[in-house]
Novice: 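Before I ask anything, let me first share the structure, which is written out below as structure tokens.
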Amino acid sequence: MTVMNVRDAINQTIHEAMERDPSVILLGEDVAGGAGTAGGQEAIGGIWGTSTGLVGKFGPERVIDTPISESAIVGAAAGAALSGMRPIAELMFADFIGVCGDQLINQIAKFRYMFGGNARCPVVIRLIYGAGMNAAAQHSQAFYNLLTAIPGLKVALPTTPADAKGLMNEALHGDDPVMFFEHKALYGRKGEVPDGLHRVPFGHARMAREGGDVTIVALGRMVSFAEKAADKLAADGIGCDIIDPRTTSPLDEEAILDSVEQTGRLVVVDESPPRCSVASDIGALVAQKAFTSLDAPPELVTAPHTPIPFAPELERAYVPGPPAIEAAVRRTLDWG
Amino acid sequence: MTVMNVRDAINQTIHEAMERDPSVILLGEDVAGGAGTAGGQEAIGGIWGTSTGLVGKFGPERVIDTPISESAIVGAAAGAALSGMRPIAELMFADFIGVCGDQLINQIAKFRYMFGGNARCPVVIRLIYGAGMNAAAQHSQAFYNLLTAIPGLKVALPTTPADAKGLMNEALHGDDPVMFFEHKALYGRKGEVPDGLHRVPFGHARMAREGGDVTIVALGRMVSFAEKAADKLAADGIGCDIIDPRTTSPLDEEAILDSVEQTGRLVVVDESPPRCSVASDIGALVAQKAFTSLDAPPELVTAPHTPIPFAPELERAYVPGPPAIEAAVRRTLDWG
Amino acid sequence: MDYTREGLLRAYRRMATIRQFEERLHEEIAKGEIPGFTHLYCGQEAAAVGVCEHLDEADKIVSTHRGHGHCIAKGCDVIGMMKEIYGSREGLCKGRGGSMHIADTSIGMLGANGIVGAGAPQAVGAAIAAKAAGEGKVAIAFSGDGACNQGTTFEAMNMAVVIDVPAIFVFENNHYSEHTGDSYAVATGNDIASRAEAFGMKVWRANGSDFHATYETMAKLLDYVRQTGHPAAIELDTERFYGHFEGDPQRYRAKGELDRIRDERDALKTFRKAPSTRELLEEGELDAIDKQVAELIDRAVEEARGAARCDPSQIDEDVYAAY
Amino acid sequence: MDYTREGLLRAYRRMATIRQFEERLHEEIAKGEIPGFTHLYCGQEAAAVGVCEHLDEADKIVSTHRGHGHCIAKGCDVIGMMKEIYGSREGLCKGRGGSMHIADTSIGMLGANGIVGAGAPQAVGAAIAAKAAGEGKVAIAFSGDGACNQGTTFEAMNMAVVIDVPAIFVFENNHYSEHTGDSYAVATGNDIASRAEAFGMKVWRANGSDFHATYETMAKLLDYVRQTGHPAAIELDTERFYGHFEGDPQRYRAKGELDRIRDERDALKTFRKAPSTRELLEEGELDAIDKQVAELIDRAVEEARGAARCDPSQIDEDVYAAY
Ligand SMILES: Cc1ncc(C[n+]2csc(CCOP(=O)(O)OP(=O)(O)O)c2C)c(N)n1
Ligand SMILES: Cc1ncc(C[n+]2csc(CCOP(=O)(O)OP(=O)(O)O)c2C)c(N)n1
Ligand SMILES: [Mg+2]
Ligand SMILES: [Mg+2]
């Protein structure tokens, strides 16, 4: 075990994967940094600091700075994967899925199926997402719902350094395309990380906390906000189960349903706007499959149905926070 | 009133709009047809037959054949709209939203908001969608969920010729961007269409049938399948409310909740795969807002979590049909 | 160019197979036997075969919505293809892909593609793999005159030059994208190669309805790419004999255009007339191939008709390797 | 070129306003006063102003993530901009857009844009509107050397030529896209104009750090576009003085590069040295403008600091015109 933050856990995991497996390559804008400049490559190593040191060790043929051409980045990852490699492609901001959406939703998601199983496309697409930096409407979105909706893709959203490593390793060992969502505001979060080839299976939620009175399913950065809310509630003797699904596709339905069967109360916390969200997906799941267990209507704590505003006062109001979660928990307990 | 099919209703509505309003233009691939050929423009008039006759009447400056460049098509529509026009842009297949997603989700959806209300972007994007023609995984998808999820967009999916006209006219009179989904398998569907400037307000569902025992919310082509199922059920004395929301954003929550309050049973029928779908969205809505009324778990009848298969036997199994709807209704009535 | 008898016979057989495969599909579609959208490759045989005759299974190709010709030229099983197009469980893609999504990655055919322009970046990725393998292999993207206007195609060309990989962009200019003429939609009249050149690539041009011309030009191009590892492009001037999709009345064509094309630009006729063909082969040998191919296609249709249909219970197979 | 005193004074004032606006932002950001990501335009003043001095409010421009300069050059209210960047409710976009999303459609500024390459197709649409209006107006897309690799930019150029509209593609080549050099990412070394040319557009090139050079070349370009209605492109060679975004340590630059640029390629210094400036204006007049601008910027910062903050209750305003 080593204590490190999410950023370093991702960096280390990619380092180790590239050492272990020559078919792993990394491509994206400035992932080496400095290509074609006097300062030279490795001038930066990724604007998020997650690919520091890679180009120096593995060279520009494996750590590939690309032009600003997201469709070509993801498309190239797809073609390399169909040809036997394991590319990791970085979208500097998850918001750019609109630019390369076709390669995600019509190409890599569907090859295996359309080709009758006669193709494998094990790409890992790293999508840096989330609000909290006042980066406004086009650089802050939590688009995991749009990709969770697409059959053929897997979607991971680690919240701890250990899970960042474990889910990335799992992605790099599977044969399916993985959308790997990294929350910008979680990069600095520290925790213990197992050494070696730590893997976390997809579709297995992490019980972040057991409390027994209410089930909170929280996504990504929302897990820590749920924990804050739960601390407050604990002071009033209210115990929260906090479930971090870790992957939304596949989703660990069992963990959620088991908890709701005990608690009878569901709160889902999601940084996306409400419509066709993972929150609504889980809300509907529980309504369908734990109908008799539910003692109160599911509470969905989401962003509002608005683009993400720039002004700090508005962005703070946009992102679901501990007070909103706490209030939802109380509403569900007071219900009826 | 005139009897015509959906195809002709759309064609007529665009004709009338272009006559009435010089700022209305139409652009897309082959919307005139035959540009740069010996046969000449108007050789085709849109591969779906919805733009027949337009270029002859309004000329190639208003009925614009474009290169295969969906991002530029939607982007140009956006820029023209910001400059005071009312462009209608056609995506020959809704599946191509992946190719031009950014212009939809980060541009036209957000201008008004990001610019503090100091912009209007009244584009109508026509998206031809849906399975049923064995067009396989990349030409059959029902992607309205992905756009319903995006704040700033409105989403219409007419099922009758009258609504096709009414919703299109409404779109062309509003100041918001509208995603106008046209189901390929519904083009031939006939019905009475009011003459003149018929408008159907967004966010007002159509009660396709009143029955009182079960609430069926059906989307697009699924409305007619729900009607078939309801006919069968009626023979057994089971009465179905069938709600055609007509627009998923805004969604007529009231119509759905009112019906469920009466029936206590909800079946949602959606041609999309299940995850983060409009079906799950409505399921969660009802679980939240009509919790006490629900006598049985919501039933979501959707496509499976798979890409759309080519083989007719598989495509038939993919698309939710009357038997699946009927079974879901019976399950919800037999429940408990 | 030094041709061998075997090489020419093989090329002719491939072209004849494409031709007859497509002519037969045209008939069967008219009868209503075949579901879905089908785009026939007839008329462009020399392009696919002139390119692919230079390749082995480790070279990759990425195809388009009009993919049958590329598949056959790259060596896909013809009976498996026919079964696929009929929607059979025994099809090359288990009936799940159909005409627009035929692939066999085991022989370097990375897939037909229903999205215009999607393939070009994928070829860049396949070329990254080829470069990593270091054995002089290449990756080829077939694109049409319509696809050359899609942003992805431009991005792919630029990226191939920037990261310097052996990707080859083959533009089959059949002068139409659906019902739109190339002189309209390709801003530079109908010159696609010059666009590729503007990205700093070496480009070639050839008559894509003439096997020998395509094959010989590709030989030069491939020499260059295999030796330097740089990307390159070629524009092939060719024609499609049928509509954009089956059912297209082709009202955009000039009067007599189709007759002229069929007369003057038929790859099979042109092949027979070429000096090297006449020198090395007998007409009778080619006639015999035609007959063998006809038998193969008959058998393919017959087998496809009788082949196992898909079972709805298998609908969710192969969505994931593991889920 | 015949310059007027008024014209030159106005241009200088605009450039000085951009410069001081940005220098001041640089200071305030360092103090932590300003939220979000900010991309400073300093160094490129001559480009924005050399282009926009030819325009009136009916001409449209579409900008980039580095948009302050374009906004000021097109006539956006400077105090409103400052308030916007501070996130105030009184900002030009009510605090909802911030630095990357400033727009004022009422004066033909259709928006800064956080998505690289998104603006070019929008300019084509604005040019459709200009053509329909038939008054010789134009629509301009500003793009960087990085943006010229995005598929949308290529599509837009092609489409502008195909549908023949008065769209103008202004490429500001400041030689870096984030931390990547143009000699790497633009496949043709650092020649962007030749790409535009490959789409059949007439192209120009100019020194984008020199107002007079840019202005004079744009005069020719605009004569051509306004008269013919055809699209056109121009590549402006320029420099950015600060990092890609505020906080960027610029390790990719050569030693001494920034000093050299600031010394030799400063648009304001170059403006003062130009023969026509010396002929028509006194140094003192320009100094006076500098002072007036400094006062304006002081006032802008002061007002922005004191301006009303956003109220969370207003978060869902203006998502729709009606919902
Ligand atoms: C992204 C996208 N846009 C549009 C289409 C519809 N479409 C299919 S083929 C085609 C024309 C393609 O023309 P070209 O590239 O010249 O190929 P050809 O059909 O001539 O072989 C179009 C517009 C599509 N499949 N994908
Ligand atoms: C689609 C997209 N990809 C990547 C980015 C991240 N990004 C913002 S600016 C930039 C560099 C742009 O370079 P250039 O066009 O030269 O403009 P400059 O920054 O030099 O003004 C990048 C990569 C983005 N905002 N949008
Ligand atoms: Mg073509
Ligand atoms: Mg730049």
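Keep in mind it's a predicted model, so treat the numbers as computed, not measured. Below, chains carry the letters A, B, ... as their sequence lines are ordered, and counting in each starts from 1.
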Novice: What part of B:I73 gets closer than 4.5 Å to chain D, counting heavy atoms only: side chain, backbone, both or neither?
Specialist: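 Both backbone and side chain.
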
Novice: Residues of residues 98-110 of chain D under 4.5 Å from chain B (heavy atom pairs)?
Specialist: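 Against chain B, the residues of residues 98-110 of chain D that fall inside the cut-off (heavy atoms, under 4.5 Å) are D:H101, D:A103, D:D104, D:T105, D:L110.
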
Novice: In terms of heavy-atom proximity below 4.5 Å to chain D, should B:N118 be classed as side chain, backbone, both, or neither?
Specialist: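 For B:N118, the contact with chain D is made by backbone and side chain together.
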
Novice: For the atom pair CG (D:N113) and CG (B:D102), what is the distance rounded to the nearest 0.5 Å?
Specialist: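 Answer rounded to 0.5 Å: 7.5 Å.
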
Novice: Pick one of side chain, backbone, both or neither for B:S249, based on which atoms fall under 4.5 Å of a heavy atom in chain D.
Specialist: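 For B:S249, backbone and side chain are both near chain D.
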
Novice: What's the separation between atom CZ in D:R96 and atom CZ in B:R112, rounded to the nearest 0.5 Å?
Specialist: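 Answer rounded to 0.5 Å: 10.0 Å.
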
Novice: Quick check on the structure: residues of residues 69-87 of chain D within a heavy-atom distance below 4.5 Å of chain B, by number.
Specialist: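 Near chain B, by residue number: none.
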
Novice: Looking only at heavy atoms, which two atoms of D:A321 and B:D176 are closest? And how far apart?
Specialist: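 Reported closest heavy-atom pair: N-OD1, 2.7 Å.
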
Novice: Below 4.5 Å from any heavy atom of chain B, which atoms of D:A167 appear? Answer side chain, backbone, both or neither.
Specialist: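 For D:A167, no heavy atom lies under 4.5 Å from chain B.
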
Novice: Which of residues 114-146 of chain D have a heavy atom under 4.5 Å from any heavy atom of chain B?
Specialist: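 Contacts with chain B: D:I115, D:A118, D:P121, D:Q122, D:V124, D:G125, D:A126, D:I128, D:A129, D:K131, D:A132.
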
Novice: Treating D:Y323 as the side-chain partner and B:G203 as the backbone partner, does any N or O pair qualify as donor plus acceptor under 3.5 Å?
Specialist: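 Such a contact is absent between D:Y323 side chain and B:G203 backbone.
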
Novice: Could you grab the distance from atom CE of D:M159 to atom CG of B:L27, nearest 0.5 Å is fine?
Specialist: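 Going from the CE atom of D:M159 to the CG atom of B:L27 covers 7.0 Å.
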
Novice: Around atom CZ of D:R299, are there more than 12 heavy atoms from other residues, nucleotides or ligands closer than 6.0 Å?
Specialist: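 Counting other residues, nucleotides and ligands, CZ of D:R299 stays at 12 neighbours or fewer.
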
Novice: Answer yes or no: are there more than 12 heavy-atom neighbours, outside B:E254 itself, under 6.0 Å from its atom CD?
Specialist: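 No, because the 6.0 Å sphere around CD of B:E254 holds 12 heavy atoms or fewer from other groups.
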
Novice: Per the side chain to side chain contact (heavy atoms under 4.5 Å, CB included) rule, which among B:C100, B:S69, B:S71 passes with D:T152?
Specialist: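 That would be B:S71.
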
Novice: Return the NZ to OH distance between B:K154 and D:Y320, rounded to the nearest 0.5 Å.
Specialist: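 Rounded to the nearest 0.5 Å, the NZ-OH separation comes out at 7.5 Å.
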
Novice: Quick check: do D:K94 and B:F115 have side-chain heavy atoms less than 4.5 Å from each other?
Specialist: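 Side-chain contact under 4.5 Å: no.
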
Novice: Taking 4.5 Å as the heavy-atom cut-off, does anything in residues 78-86 of chain B contact chain D, and if so which residues?
Specialist: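 Counting heavy atoms that sit under 4.5 Å from chain D, the residues of residues 78-86 of chain B involved are B:A78, B:G79, B:A80, B:L82, B:S83, B:M85.
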
Novice: Which bit of D:V319 is near chain B, if near means a heavy-atom gap under 4.5 Å: side chain, backbone, both or neither?
Specialist: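 Both backbone and side chain.
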
Novice: State whether the side chain of B:Y113 and the backbone N or O of D:D318 hold a donor-acceptor pair below 3.5 Å, judged by distance alone.
Specialist: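 No, because the side chain of B:Y113 does not come within donor-acceptor range (under 3.5 Å) of the backbone of D:D318.
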
